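Here the structure comes first, spelled out in structure tokens, and everything after it is commentary.
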Amino acid sequence: MSFSFRRDLITRPIFAWAHKALPPMSDTEREALEAGDVWWDADLFTGNPDWSKLLAFAPAKLTDEETAFLNGPVEQLCEMVDEWKVNWEWRDLPPEVWEFIKRNKFLGMIIPKDYGGLGFSPYAHSEVVRKISSRSVTAAVTVMVPNSLGPGELLMHFGTKEQRDRWLPGLAEGREIPCFGLTSPEAGSDAASMIDTGIICKGTFNGKETLGLRLNWHKRYITLGPVATLLGLAFKAYDPDHLIGSEEELGITVALIPTDLPGVSIGHRHLPAMQVFQNGPNWGKDVFIPMDFIIGGQERIGQGWKMLMTALAAGRGISLPSQSSAGAAYCARATGAYARIREQFHVPIGKFEGIEEPLARIAGTAYQLDAARRLTCAALNQGIHPAVVSGIMKLHATERLRITVDDAMDIHGGKAVIDGPQNYMGNLYRSVPVAITVEGANILTRNLIVFGQGSVRAHPYLLSEMNAIGDPDRKKGLADFDASFWKHVGHAITNTFRAWGRSWTGGAFAPAPEAGAATGYYRQLSRYSAAFALCSDMALLTLGGALKRKEMLSARLGDILSELYLLSAALKRWEDEGRQDADFPALQWVMANGIRTIENRLAEVIANLPNRFVSVILKFLIQPLGANPLGPSDKVVHHCAQMILAPGAVRDRLTAGLYHGNDDGPLARLERAFLLVTANEPIEKKMHAAKIRDWSEAVKKGVITADEGAKLKAAHDAVALVIEVDDFAPEALSPIYRKRQELKQPDLKQTSPDRAAS
């Protein structure tokens, strides 16, 4: 290699410094970083996103077959499920529902038709989960888990032809019930620390001596585990006798374990936050499996972590975001209706400004989450597995669902607190912590993964620089680092001036497509993308590998990246739906709320950077006058809240794809009362003008007709039915009371100890 002034005299000492500053990367970390794809997140990291690329991206659509499935079997499944009975009487889905799920191949939605599955797209998978989630959390979890991270997806991506031929038809038809064992008592979010083992050895299987593994494991929190017939298992493989090579520690490996094998023990059920989907622990004691039970065969030993991360990159973008999107839309539809029919001080509570604020937050969040779900599914439909975006989706969809449900509970008050068959909010509220916890705890995802993985994968140059630093061939590494590093320097200089110019002009001249009333929002995101890219580079430059230990800084930078993605999705939805003017208040609320978060996080990053000189420079470039965290105006809040306080196309678009029910359940009664009340508004206005509140008096005085009076009575009766709450006889709730009645003991409520003693 010939002498180069730049490389040998300038880059070499920087390369040596970086080599010392950057901590060594474990194989597990590298596999996690390299899993999945980069996509729109990479554009956001450049500081200059190409909006034409985003707007040209084809929105996800359903085929006729997928639409028919939603309108047919999915609708029927929702009709079959009574969530109160499932949770409080049966503690499970009834046998006929299980059979219906299997017969209609709900467990094989993602399995190709060649293997007997439905062969549905990721978007169809999402729509199915979303609709079922609006009816039953238990049914939704039962359906979504086999179609997410599990044996089916792993077999399709990594299995051998023989394995796919053997297992996929049974999984598609429901003859095999799958689960996946990853979490163990010793390893939760840090799954790589599992102590479950597989020792390569020779053993007897089906009467023949064969090469295989002797497995020992303890797994817990395994969804569908108590009823599974096929267990996907993650463990660490070892070859102490060097039967397949010179290495002893081979790494995390994934295998398929029929649960009827000797040594497999299935534990009793867990009860996660009073949700009754099947979940529980399992164990294996000296379970012997042949090599062809390893997913992908012997050559895939040690590749399990990369396989899991690749599958998770897709799964986290579908299941929980779909469930969260459904929950937010459900809250919007139910809470808007309740706030319209429920009166206090003779005024619908939805007209109080104190109620409008959470109503707007509910409506805006429902709009945003479904926008992000659709955009992510569009990427998945095109074969993109966006790892960082999937982490963003899982984290923010579930966190924002938590806020939305809390708001809905507050507005409903006692109606949502008193449990019983008429309470349509309580079970959703109880289920939220489960979504927050599973598929990567949110605290970990926010503090370590979104920016930690995003900065390496989505940054235009960082991964190539890290690979060059880690190259065992130091000469080649120096050459590769030299090429990437100086491109990075040029990019950083350009972006510094870009961020400065856009910040000082308020984004007035930042690039944006012609998007009508939304054009200014694109300019703002272009501005904040440049500011984010600059802050990221400065944090990486001044902290190096220590940044991953500065979790609060990493979390704030991750929040900015997340907001940029979620706001991009909202703008994309606005465009894809034809710029619906009536929906614009939701977009206004979403953008103002997101920009407030970005402004605050930028200020927090600048204030907390350890290098104070860089901090002062960044403040001068990006926020010379400080943060501007105003958020949605009162006018925007009012208009956004109104979107869910009246029936019509706006409300229907915001809550499309949910199960609305055609029975006499509590939601159907709420919808009926809502339609009656809103239809009677002109009659109510007549009575208000006459200063009469009682409809019968208004009829007597001729203010309204008898027919109008009958309509008001029907509405009032319907409202009374909705605001009723359940009560229970003592013996229905307390086994102590029932036992006392059986023994004919005196009622302790009526007989005090002193009276009994006398």
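Worth saying up front: this structure is predicted, and the values here are computed from it rather than measured. The figures here come from the full heavy-atom set of this structure, side chains too, leaving out hydrogens, waters and symmetry mates.
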In short, A332 meets T655 closest at the heavy-atom pair CB-CG2, 4.4 Å
Any donor and acceptor pair, going by atom type alone, linking the side chain of E514 with main-chain N or O of G516 inside 3.5 Å? yes
Run the numbers on R402 and E399 for salt bridge (charged side-chain N to carboxylate O under 4.0 Å, His left out), then give the verdict. CA-CA 5 Å; R402 169 155 56 186; E399 285 292 343; 2.8 Å; yes
Does the distance from a Lys or Arg side-chain N to an Asp or Glu carboxylate O, for E153 and R316, drop under 4.0 Å? no
Is K394 reaching over with its side chain to a backbone N or O of A435, donor-acceptor style, under 3.5 angstrom? yes
Backbone of N447 reached by a side-chain donor or acceptor of S554 within 3.5 Å: yes
Between the side chains of E575 and R374, is the shortest nitrogen-to-carboxylate-oxygen separation below 4.0 Å, so that they form an ion pair? no
Side chain proximity check, L602 to C535, heavy atoms < 4.5 angstrom: yes
Under the criterion side-chain contact (heavy atoms from CB on, under 4.5 Å), which of Q368, R130, R573 is the partner of R373? R130
Do the rings of W40 and W51 sit parallel, tilted or perpendicular, given the 30° and 60° boundaries? tilted
State whether the side chain of E83 and the backbone N or O of V137 hold a donor-acceptor pair below 3.5 Å, judged by distance alone. yes
So CZ of F100 and CE of M80: to nearest 0.5 Å the spacing works out to 6.0 Å
Say you draw a straight line from CD of E127 to CG of L62; how long is it, rounded to the nearest 0.5 Å? 5.5 Å
Flag the pair I595 / Y528 as yes when at least one side-chain heavy-atom distance between them is below 4.5 Å, and no otherwise. yes
Would you please test F106 and F69 for ring-ring contact (aromatic ring centres under 6.0 Å, His included) and show each step? CA-CA 10 Å; F106 279 89; F69 189 79; 4.9 Å; yes
Can you find a pair of side-chain heavy atoms, one from V141 and one from M144, that are under 4.5 Å apart? yes
Angle between ring planes, H157 versus H385, binned at 30° and 60°: parallel, tilted or perpendicular? perpendicular
With a 3.5 Å cut-off and no angle check, do the side chains of T398 and N442 form a donor-acceptor pair? yes
Which atoms form the tightest heavy-atom contact between A68 and P73, and what is the distance? O-CD, 3.9 Å
Distance-only, no hydrogens or angles: does the S529 side chain make a donor-acceptor pair with backbone N or O of L525 under 3.5 Å? no
For V145, does its backbone N or O pair with a side-chain atom of S148 as donor and acceptor, under 3.5 Å? no
Given side chains that start at C-beta, do those of F674 and R651 come closer than 4.5 Å, heavy atoms only? yes
With heavy-atom distances below 4.5 Å as the criterion, would you say the side chains of F45 and L462 are in contact? no
For a quick test of reading the model, state the closest non-hydrogen atom pair linking A339 to L359 and the distance between them. CB-CD1, 4.0 Å
In short, ring-ring contact (aromatic ring centres under 6.0 Å, His included) pairs touching residues 638-661 with sequence neighbours left out are none
With the side chain counted from C-beta on, respond yes when M156 and P112 share a heavy-atom pair under 4.5 Å apart, and no when they do not. yes
Answer whether the closest heavy-atom distance between the side chains of L534 and I622 falls below 4.5 Å. yes
Please name all residues satisfying ring-ring contact (aromatic ring centres under 6.0 Å, His included) with Y367, sequence neighbours left out, ordered by chain then number. none
Residue pair A124 / E66: nearest heavy atoms and the distance that separates them: CB-CD, 3.3 Å
Flag, side chain of N147 to backbone of M109, donor-acceptor distance under 3.5 Å: yes
Judged by modelled atom types alone, do Y565 and T376 share a side-chain donor-acceptor pair under 3.5 Å? yes
Do F57 and I384 pass the side-chain contact (heavy atoms from CB on, under 4.5 Å) test, and can you show the C-alpha distance, the side-chain angles, and the key distance before you say yes or no? CA-CA 12 Å; F57 203 81; I384 301 167; 4.0 Å; yes
For I101 and L93, which heavy atoms make the closest approach, and how far apart are they? CD1-CD1, 3.9 Å
So, N381 side chain and Y123 main chain: donor-acceptor pair closer than 3.5 Å or not? yes
Approximate separation, where rounding is to 0.5 Å, of R498 CZ and N48 CG: 4.0 Å
Do any N or O atoms from the side chain of K572 and from the backbone of L54 form a donor-acceptor pair under 3.5 angstrom? yes
Where do E356 and G350 come nearest, in terms of heavy atoms and distance? CG-O, 3.4 Å
Is there a side-chain contact between V388 and V38, using heavy atoms and a 4.5 Å cut-off? no
For side-chain contact (heavy atoms from CB on, under 4.5 Å), just list the numbers for T494 and H491, CA-CA rounded to whole Å, side-chain angles, deciding distance to a tenth of an Å, and then say yes or no. CA-CA 5 Å; T494 301; H491 165 76; 5.9 Å; no
CG/N593 to CG/L630 distance, rounded to the nearest 0.5 angstrom? 12.5 Å
Count the heavy atoms belonging to other residues, nucleotides or ligands that lie under 6.0 Å from CG of D652, then report whether that count exceeds 12. yes
Supply the atom-to-atom distance T335 OG1 to R340 CZ, rounded to the nearest 0.5 angstrom. 15.5 Å
Under a 3.5 Å threshold, yes or no: a donor from one side chain and an acceptor from the other, between N427 and Q275? yes
Atom pair CG/CG of L118 and N104 - distance to nearest 0.5 Å: 8.5 Å
Tell me every residue that passes ring-ring contact (aromatic ring centres under 6.0 Å, His included) with Y338, counting only those two or more places apart in sequence or in another chain. H412
When the ring planes of F451 and F532 are compared, do they come out parallel, tilted or perpendicular, using 30° and 60° as the limits? perpendicular
Any sub-3.5 Å donor-acceptor pair from T404's side-chain atoms to I362's backbone N or O? no
May I ask you to say whether E79 pairs ionically with K131, meaning some side-chain N is under 4.0 Å from a carboxylate O? no
